[in-house]
Q: 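Questions regarding the structure given below will be posed in turn.
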Amino acid sequence: MTDPQAARALAADLTERAGQRLFGMETPLRLVMVGIVTGSHVLIDDVPGVGKTTLVRLLANLLGLSFQRVQFTPDLMPTDITGTSVLDLRTNEFAFRAGPIFAQVVLADEINRATPKAQAALLEAMQERQVTVDGVSHPLPEPFFVLATQNPIELEGTFPLPEAQLDRFLLRVRLGYPDEDQEERILTATRAQRTLPTDPLPGVPAIRDLQDLVGGVGLEHPVRRYIVSIARATRDHPELAVGASPRAVEQMGDAARAWALLDGRDYVLPDDVKMLAEPVFGHRLVPTTDARIRDRTADEILREVLRSVTVPTELREG
């Protein structure tokens, strides 16, 4: 795995294998892969039954990564996630018993159903990539990714993530429903075809090799300026109380490089930025009170911003 074409071949293989179980998921799968090859975390925000959990488990299996699922509930304790020290009766000493966070891919299912204290334990591990229990730090495995899901419809008894915690996620992915033909294909699948594969794809490269390739993807000045212009336009928009932060700009650069790499290119196009604008920026924008009263969403306002910013037509200056 030394070139963008090999990365593109991997993305195509993953899409083909995943397409045998999940229909119409090409774009969401690619977005989750962007999170993985940038070493970042992804929030999957959609209604029940569209395949959020299946997508994460399937991708972990195909990449040969260890997987753990944590079902977030109001009574979940931080130690249920991180682990705890237990008394070993044979030695009369406390020993650390690792929690489910010690996996390469951690599915935080319905993260908004847990209390802020439990959410904070997960988000601290996401940021620091280690867990501290009884004053002792325990590093998390490499690579390490959190793919969290939440249901935007059922809000009763939930604890919405504050903006500062949402900012920890590189992307917010929405799966949506398959089109009519894809949905009909669901009815033709046998029980055996609905079983998730357990073996990884042959010849899967090390995630670290993929991450190293991302840094070599070119981001020319006109495209960089385009990203900055979009971010600054969100900050100046009268219907947004909070616009895109400098961290969001940085992460857009990472995501755009990864998207281009998975498409087999060593350079970023303005279309890559437009494609990623809502997944990268959308969950970081906060509409004003007046905008919310008028049922204006952050994504609607962001689409207006994109229409107002001039798209560069040349990738190089001069």
Q: Let's go through R296 and E304 carefully: what are the C-alpha distance in whole Å and the side-chain angles of both, what is the deciding distance for salt bridge (charged side-chain N to carboxylate O under 4.0 Å, His left out) to 0.1 Å, and is it a yes or a no?
A: CA-CA 11 Å; R296 295 272 283 161; E304 290 180 2; 2.8 Å; yes
Q: Can you find a heavy atom in the side chain of V268 that is under 4.5 Å from one in the side chain of E220?
A: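 In short, these two side chains do not touch, never coming nearer than 4.5 Å.
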Q: Counting distance only, does the side-chain N/O of D179 pair as donor-acceptor with the main-chain N or O of D181 below 3.5 Å?
A: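 Between the backbone of D181 and the side chain of D179 there is a qualifying donor-acceptor contact (under 3.5 Å).
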Q: Flag the pair V280 / L171 as yes when at least one side-chain heavy-atom distance between them is below 4.5 Å, and no otherwise.
A: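 Yes, at least one pair of side-chain atoms sits under 4.5 Å.
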Q: If only side-chain N and O atoms count, and only distance matters, is there a donor-acceptor pair under 3.5 Å linking Q150 with E110?
A: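 Q150 and E110 do not have a side-chain donor-acceptor pair below 3.5 Å.
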Q: Given side chains that start at C-beta, do those of Q104 and S66 come closer than 4.5 Å, heavy atoms only?
A: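 They are in side-chain contact.
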Q: Between Q119 and A114, what is the shortest heavy-atom contact and its length?
A: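 In terms of heavy atoms, the two residues are closest at NE2-O, 3.1 Å.
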Q: Is a side-chain N or O of R168 found less than 3.5 angstrom from the main chain of M126, in a donor-acceptor match?
A: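 No: the side chain of R168 does not pair with the backbone of M126.
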Q: If you draw a 6.0 Å radius around CD in Q211, do more than 12 non-hydrogen atoms from other residues or ligands fall strictly inside?
A: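 More than 12 heavy atoms, drawn from other residues, nucleotides or ligands, come within 6.0 Å of this atom.
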Q: Atom OG1 in T54, atom CG in L107: separation rounded to 0.5 Å?
A: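 One gets 10.0 Å once the value is rounded to the nearest 0.5 Å.
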Q: Do V47 and I186 sit in the same hydrophobic cluster, where Ile, Leu, Val, Met, Phe, Trp and Tyr count as joined when their side-chain heavy atoms come under 4.5 Å apart?
A: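 Result: no, two separate clusters.
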Q: Under a 3.5 Å distance rule, please check whether T288 uses its side chain to pair with a backbone N or O of A241 as donor and acceptor.
A: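 No, the answer is negative, given that no donor and acceptor are paired below the 3.5 Å cut-off.
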Q: Give, for atom CZ of R265 and atom CH2 of W259, the distance between the pair rounded to the nearest 0.5 Å.
A: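 The CH2 atom of W259 is 9.5 Å from CZ of R265, to the nearest 0.5 Å.
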Q: State whether the number of non-hydrogen atoms from other residues, nucleotides or ligands found under 6.0 Å of R232 atom CZ is greater than 12.
A: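 Not more than 12 within 6.0 Å, no.
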Q: Taking CZ in R247 as the centre, count heavy atoms belonging to other residues, nucleotides or ligands within less than 6.0 Å. Is the count above 12?
A: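 Check passes, neighbour count above 12.
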Q: Should the pair D46-K52 be classified as a salt bridge under the 4.0 Å nitrogen-to-oxygen rule?
A: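 Judged by the 4.0 Å cut-off on N to carboxylate O distance, D46 and K52 do not form a salt bridge.
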Q: Is there a path of hydrophobic side-chain contacts, each under 4.5 Å between heavy atoms, that joins L29 and V146?
A: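 No, because L29 and V146 fall into different hydrophobic clusters, even though each may have its own neighbours under 4.5 Å.
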Q: Verify side-chain contact (heavy atoms from CB on, under 4.5 Å) between T297 and E300, making sure each step is shown before the conclusion.
A: CA-CA 5 Å; T297 67; E300 289 175 342; 3.1 Å; yes
Q: Hey, what do you get for CD (Q165) to CD1 (I111), rounding to the nearest 0.5 Å?
A: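 Between Q165 CD and I111 CD1, I get 7.5 Å after rounding to 0.5 Å.
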Q: How close do L285 and G243 get, counting heavy atoms only, and between which atoms?
A: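 Taking every non-hydrogen atom into account, CD2-C, 3.6 Å.
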Q: For Q182, is the CD atom crowded, meaning more than 12 foreign heavy atoms sit under 6.0 Å from it?
A: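 Buried by this count: over 12 neighbours within 6.0 Å.
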Q: Treat each ILVMFWY residue as a node, draw an edge where side-chain heavy atoms are under 4.5 Å apart, and state whether V242 and L170 are in one component.
A: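 V242 and L170: separate clusters.
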Q: Is the number of heavy atoms from other residues, nucleotides or ligands within 6.0 Å of CZ (R97) greater than 12?
A: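 No, CZ of R97 has 12 or fewer neighbouring heavy atoms, counting only those of other groups under 6.0 Å.
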Q: When rounded to the nearest 0.5 angstrom, what is the spacing between CG in L65 and CD in Q68?
A: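 Reported to 0.5 Å precision, the distance equals 13.0 Å.
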Q: Hey, does L147 have a side-chain heavy atom less than 4.5 Å from the side chain of L43?
A: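 Not touching, per the 4.5 Å side-chain cut-off.
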Q: Is R284 close enough and on-axis enough to F281, meaning under 6.0 Å and within 45°, for cation-pi?
A: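 Negative - R284 is either too far from the ring of F281 or too far off its axis.
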Q: With a 4.5 Å cut-off on side-chain heavy-atom distances among I, L, V, M, F, W and Y, is there a chain of contacts connecting V214 to V204?
A: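 V214 clusters together with V204.
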Q: Looking at residues at least two apart in the chain, or sitting in another chain, which of them share a side-chain hydrogen bond (donor to acceptor under 3.5 Å, both in side chains) with T84?
A: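 For T84 there are no side-chain hydrogen bond (donor to acceptor under 3.5 Å, both in side chains) partners, ignoring immediate neighbours.
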Q: Would you find a donor on one side and an acceptor on the other, under 3.5 Å apart, between the side chain of D236 and the backbone of A233?
A: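 No.
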Q: For T15 and D13, what are the C-alpha separation, side-chain angles and deciding distance, and is it a side-chain contact (heavy atoms from CB on, under 4.5 Å)?
A: CA-CA 5 Å; T15 301; D13 289 344; over 6 Å; no
Q: Which pair of heavy atoms, one from P287 and one from I301, lies closest together, and at what distance?
A: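 In terms of heavy atoms, the two residues are closest at CB-CD1, 4.4 Å.
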Q: From R257 CZ over to L213 CG, what is the distance, rounded to the nearest 0.5 angstrom?
A: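 These two atoms lie 13.0 Å from each other.
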Q: Hydrogens and angles aside, do Q127 and R129 bring a side-chain donor and acceptor to less than 3.5 Å of each other?
A: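 Side chains of Q127 and R129: no pair found under 3.5 Å.
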Q: Is D299 salt-bridged to R172, cutoff N-O under 4.0 Å?
A: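 Yes, charged N to carboxylate O under 4.0 Å.
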Q: Hey, which of N112, D109, T115, L122 is the one that makes side-chain contact (heavy atoms from CB on, under 4.5 Å) with F72?
A: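 Among the candidates, only L122 passes.
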Q: How long is the gap from CZ on R21 to CG on L62, to the nearest 0.5 Å?
A: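 Taking CZ in R21 and CG in L62, the distance rounds to 12.0 Å.
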Q: Looking at every non-hydrogen atom in both residues, tell me the closest pair between I101 and F144 and how far apart they are.
A: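 The pair with the smallest heavy-atom distance is O-CE1, 3.4 Å.
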Q: Answer yes or no: is there a side-chain heavy-atom contact under 4.5 Å between L210 and L10?
A: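 Contact flag for L210/L10 side chains = yes.
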Q: Would you say the side-chain atoms of T132 pair up with the backbone N or O of G135, donor to acceptor, closer than 3.5 Å?
A: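 Side chain of T132 to backbone of G135: no pair is present.
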Q: With a sphere of 6.0 Å drawn around CZ of R90, does it hold more than 12 non-hydrogen atoms of other residues, nucleotides or ligands?
A: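 Open.
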Q: Taking everything shown except R235 itself, do over 12 heavy atoms lie less than 6.0 Å from its CZ?
A: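 Yes, because the 6.0 Å sphere around CZ of R235 holds more than 12 heavy atoms from other groups.
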Q: Under 4.5 Å between side-chain heavy atoms, hopping through other hydrophobics if needed: is there a path connecting F23 to L14?
A: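 As far as the 4.5 Å side-chain criterion goes, L14 and F23 are not connected within one cluster.
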Q: Do L55 and L58 come within less than 4.5 Å of each other through their side chains, counting heavy atoms only?
A: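 No; the side chains remain at least 4.5 Å from each other.
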Q: Compare every heavy atom of P222 with every heavy atom of P312, then report the nearest pair and how far apart it is.
A: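 Residues P312 and P222, closest heavy atoms: CG-O, 3.7 Å.
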Q: Restricting to side-chain contact (heavy atoms from CB on, under 4.5 Å), what partner residues turn up for F96, sequence neighbours left out?
A: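 For F96, the residues satisfying side-chain contact (heavy atoms from CB on, under 4.5 Å) (neighbours in sequence not counted) are A98, F102, V133, H138.
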Q: Test side-chain contact (heavy atoms from CB on, under 4.5 Å) on D75 and D80; report intermediate values, then the result.
A: CA-CA 10 Å; D75 60 348; D80 295 331; over 6 Å; no
Q: So, for L262 and A7, which heavy atoms are closest and what is the spacing to 0.1 Å?
A: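 Looking at all heavy atoms of both residues, the shortest contact is CD2-O, 4.1 Å.
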Q: Who passes salt bridge (charged side-chain N to carboxylate O under 4.0 Å, His left out) against R307, sequence neighbours left out?
A: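 With sequence neighbours excluded, R307 shows a salt bridge (charged side-chain N to carboxylate O under 4.0 Å, His left out) to no residue whatsoever.
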Q: Side-chain contact, heavy-atom cut-off 4.5 Å: P78 with K117?
A: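 Of all side-chain heavy-atom pairs linking K117 with P78, at least one is under 4.5 Å.
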Q: Do L302 and E278 have side chains that get closer than 4.5 Å, going by heavy atoms?
A: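 Contact flag for L302/E278 side chains = yes.
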Q: Can R113 and T73 be said to form a side-chain contact (heavy atoms from CB on, under 4.5 Å), step by step?
A: CA-CA 5 Å; R113 292 205 174 277; T73 57; 5.7 Å; no
Q: Would you find more than 12 non-hydrogen atoms of other residues, nucleotides or ligands less than 6.0 Å from E142 atom CD?
A: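 Atom CD in E142 is crowded, with more than 12 foreign heavy atoms closer than 6.0 Å.
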